[in-house]
Amino acid sequence: MVAGERLVPIPSALGESALAARRKHSLSRFIVNHRVLSAFIVIFVALVLVAVFADALATYNPTKTAPTIKMRSPSGAHWLGTDYLGRDMYSRVIKGAQVSMRVAVIAVSISLVVGVVMGLMAGYFGGLADLLCGRYVDAQLAFPGILLAIAIVNALGPGLYHAMIAVGILGVPLYFRLTRGQVLQAKEQEYVRAAEVIGASRWRIMFRHILPNIANPLVVAASLAGGNAILALAALSFLGIAAQPPTPDWGAMINIGKDYLHNNMWMAIGPGAAIFLTVFTYYMLGDALRDYLDPRLKTR
Amino acid sequence: MSGYDSNNYWQRLAASRVNRRRALGGGAAATSLMALALAGCGSSNNNGGKNNNSGSNPPPSTATSSGGATTAAGTPSGSPAAPPTAQSINAGSPTAAASKVKTGGTMTFGTSRDVTNLDSGKSQDVYSAWVQAQIVEPLFIGTNDFKIAGNTIDKVENPDNTTYLFHLHPGIKYQDGTDFNADSVKWNLQRHIDDKTSVRTADVKPITAMESVDANTLKITVSAPYAPFLSKLTGGAGAMYSQAAFQKLGANLPNDLTAAGSGPFKFTNWDHGNQVVLDKNPAYWRKDANGIQYPYMDKFVFKNIPDENTRLANLRTGDNDWIDTPPPKDIKSILSNPDLVYKQVPGLSFSFVMMETEKDPFQDKRVRQALSYAIDRQTIVDTVYFGTQVVADTEIPGSLFGSVQGPYLKQDIAKAKDLLKQAGKDTVAFSAQYSNAAPVIQQTFELMKDQISPAGFNMSLQPIEFATLVDNGNKGAYQAGGLGWSGAVDPDGFCYQLFHTGAGFNLAHISDPNLDALMDKGQQTLDVGARTEIYKQVMQTLIDLQPFIIYSWGVYQQTTRKNVQNYQIGPSIWPLMHMVWKS
């Protein structure tokens, strides 16, 4: 893998200390050469850590109501104020990160697995597989994305997991088309021919030979799609059909918060800023990754 | 609320300008109820073969002329003692001095829902009723002091307990030029008797015979004493259509009321999802005390603006003159806005948690009682409704006879735990369904979830569409649910449809022979004193059975621009607006 070649030092006869120095040198060189990418990797890792350790970082129980302190502005005790039932907004936003990140991971995984498998089969086998998968994706793309998601969630019943499935399905065409196009190119390559000649099975060729070689664009697409998934979930929650109360979800929080803009704008600002930061990070990370992984943009 | 005294509270609420604390709260009550209430005018046709008396409750009726000049034709008992005269009802507000009244112009009323159906035999919601009332005005109206008064009826006589003589106001004509007379009233009532798909059929079911004594006198015989009869005619069953116009409109009636009634406004058009436009009926039969022809306005527009914040914004900018149910959280800012006027009066609605009594875990009444004890009603009213609803634990509001106070007003976790223990349970997990369209209901349930948790209840929340919620309620496909109910000017309207075995809105599917017998007796007894005792017993029985957990009584709220004059706000959902004007 190209990325691996850059990051992993070449094994040598150097001693351990020299190897460590080389490694350090490589990391600092990487950071200097890829400032934007490094910065967003750091922010992204921070977001992931926030999501993972949300329970520890929350200062209050995010679903515990406290009516006597409802709709407070930010203060030392409540950094982002409180909502209409007195729940701590900071804790809800932090906990919301967990919900959103989980959605991003699960929804993108669904898209990735389904889309890539379909794309591999369509591209490699061609014929009927290509026709069926292609027509399916064309049909799906005929529906506006968010409307399709709403229809799917309504069919399955409102709920966070159903929303994840819906958002996952929305992403399938992207990975399908990307994978199929890459496979069509890759299967004419010599290393595929060689594998065929030595008798490798079709599945082995697809998953062990072709897939690793077309992974780069998929990684970039997945990163960009994470942001899209969070936005789509926020939209579904805003419409009240994804996360169900009292689950702290950013979209649902904005939905309620918008009604209180005149009374306590912090109820919308906190989750709004969180969505902005997270989606922006995903997009920037995806963009920087593309620059980094795209061989045509190599400057070395 | 310590020292709780429902009657005093209601009187204060009714009389007062809203003080700040109350104002802070209330809108929600109405918001939720107006948006979501099952209008107490149920629907039988939806419930198929059920022995319901759908249609029944007249949507509580109208806000009419100021002054309460209405000598109630009879208390809701149906034994009208001092029949009202039409003039007494319609003489116009004493505050509207002739010299000051400015006629003409357009009044735009921002409503939270669109009209659903213009046929009063089919519609069940207040938004349709508001429009219908202006065109096909009803025979009787419910007054702001919870009495019943004649509208197009001058006088009602009861020669005996099962006979009514309606003396119609003479000289009234429908908008198509035909006469409003005894034959016409007879035809109108007969249509609900004959048309089994009418949601009003149950309202007129006791009628056994009708006879036109003369052009303006109709004699009606009912099968047995039927105390709520006149209250049923304050709403849909009492809405009078010209037979000729009705037949001409035919299948188009649900969408078109052209020249259909005798009301102050004529139907012009209904742009579905957007607005209903009404124009002045220049031949309306009423004039004010100074001889000025009603209605004062040239045009009345009911504009559908579902989002409460948008509705309020439209009022602030002057695009609307009037809105229903302002968001409770904004009442404080409305009160401080010199361009706006906020009014509230006691309503006839209540908010409740219903429980499916035929299924686990709420089969056992002790579990239902435990849940009722576990809820902190005062905190709900203060937090979600900003204090403007009235904390309650029984169905009949304090302003009506038969009202009592139950033991559940104050949260009692120990008692709740004890009851659960008696029922053999330590914890009870259940799901609660409620409409996803009303923020206040959602907030109530979010709060309730926390409140009941220490008692051992684990409630999961399930917001769904309103129509599905009602459907699930009918089918018993739920464990617990949240709804509102708009009652009637008769205590019967707060229990019979909801708790009688097989009744149309018996969503809890409660069946108790003793309760049924009491409610039947309540309908057939005419003496108010005796009925009061009967309905107190009904309430005590319901306190024990707890098929519904009542947590608040509603208030009726409206907000107008400062220049909107002489509008009346009452518990009724059939308000006539002929006397409203803009300065």
Side-chain angles (χ1 to χ4, degrees), chain A residues 60-72 81-89 91-92 95 150-151 153-163 236-249 251-268, chain B residues 24-25 27-28 31 307-313 316 326-334 336-337 376-387 411 431-454 459-465 468 482:
Chain A
Y60 295 86
N61 179 343
T63 58
K64 180 73 186 165
T65 56
T68 50
I69 52 163
K70 67 174 176 176
M71 300 214 298
R72 294 279 167 88
T82 60
D83 75 357
Y84 53 93
L85 294 177
R87 296 172 296 201
D88 181 56
M89 282 305 293
S91 302
R92 287 179 70 73
K95 187 73 179 170
I150 291 170
V153 176
N154 277 323
L156 297 174
L160 194 56
Y161 287 99
H162 293 163
L236 294 176
S237 288
F238 184 88
L239 295 171
I241 54 175
Q244 298 298 295
T247 307
D249 175 89
M253 279 188 260
I254 290 184
N255 183 27
I256 299 276
K258 77 173 187 336
D259 294 342
Y260 289 82
L261 281 177
H262 289 295
N263 315 80
N264 182 8
M265 61 181 178
W266 297 99
M267 283 173 56
Chain B
L24 277 181
T31 310
D307 183 83
E308 57 184 15
N309 297 288
T310 311
R311 208 158 57 237
L312 180 58
R316 284 194 168 117
K329 62 187 171 52
D330 291 312
I331 291 175
K332 184 181 168 188
S333 69
I334 292 172
S336 64
N337 186 331
D376 181 354
R377 293 165 168 79
Q378 186 67 55
T379 301
I380 291 174
V381 168
D382 286 346
T383 307
V384 179
Y385 295 92
F386 289 70
Q411 185 186 33
S431 67
Q433 303 179 355
Y434 54 87
S435 165
N436 54 16
V440 286
I441 297 278
Q442 166 149 330
Q443 293 172 17
T444 299
F445 274 82
E446 282 185 274
L447 195 52
M448 217 180 262
K449 178 181 167 67
D450 262 11
Q451 291 178 346
I452 62 179
S453 154
M459 175 166 74
S460 59
L461 307 183
Q462 218 184 326
I464 55 174
E465 279 191 343
T468 313

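Every value quoted in this text rests on a predicted model; they were computed, and no experiment measured them. Note on naming: letters A, B, ... go to the chains in the order of the sequence lines (proteins, then strands), and numbering restarts at 1 for each one.
A:Thr65 OG1 to B:Gln443 CD: the interatomic distance, rounded to the nearest 0.5 Å, is 11.5 Å.
Between A:His262 and B:Ser333, every side-chain heavy-atom pair lies at or beyond the 4.5 Å cut-off. The side-chain heavy atoms of A:Pro245 and B:Pro463, taken from C-beta on, include a pair separated by under 4.5 Å. For the pair B:Lys329/A:Tyr84, no side-chain contact is recorded, criterion being any heavy-atom separation below 4.5 Å from C-beta on. Side chains of B:Leu461 and A:Gln244 form no contact here, defined as non-hydrogen atoms less than 4.5 Å apart. With contacts defined as side-chain heavy-atom distances shorter than 4.5 Å, the pair A:Pro67/B:Asp382 does not qualify.
Closest approach of A:Asp259 to B:Asn309, counting heavy atoms only: OD1-ND2, 2.8 Å. Closest approach of B:Val384 and A:Leu85 over heavy atoms only: CG2-CD2, 4.3 Å. Contact detail for B:Asp307 and A:Lys258: the closest heavy-atom pair is OD1-NZ, 4.4 Å.
The contact between B:Glu446 and chain A is made by backbone and side chain atoms together, counting heavy-atom distances below 4.5 Å. For A:Asn263, the part lying near chain B is the side chain, with the backbone staying farther off; criterion is any non-hydrogen pair under 4.5 Å. At a 4.5 Å heavy-atom cutoff, A:Thr68 makes no contact with chain B through either its backbone or its side chain. Neither the backbone nor the side chain of B:Asn436 comes within less than 4.5 Å of any heavy atom of chain A.
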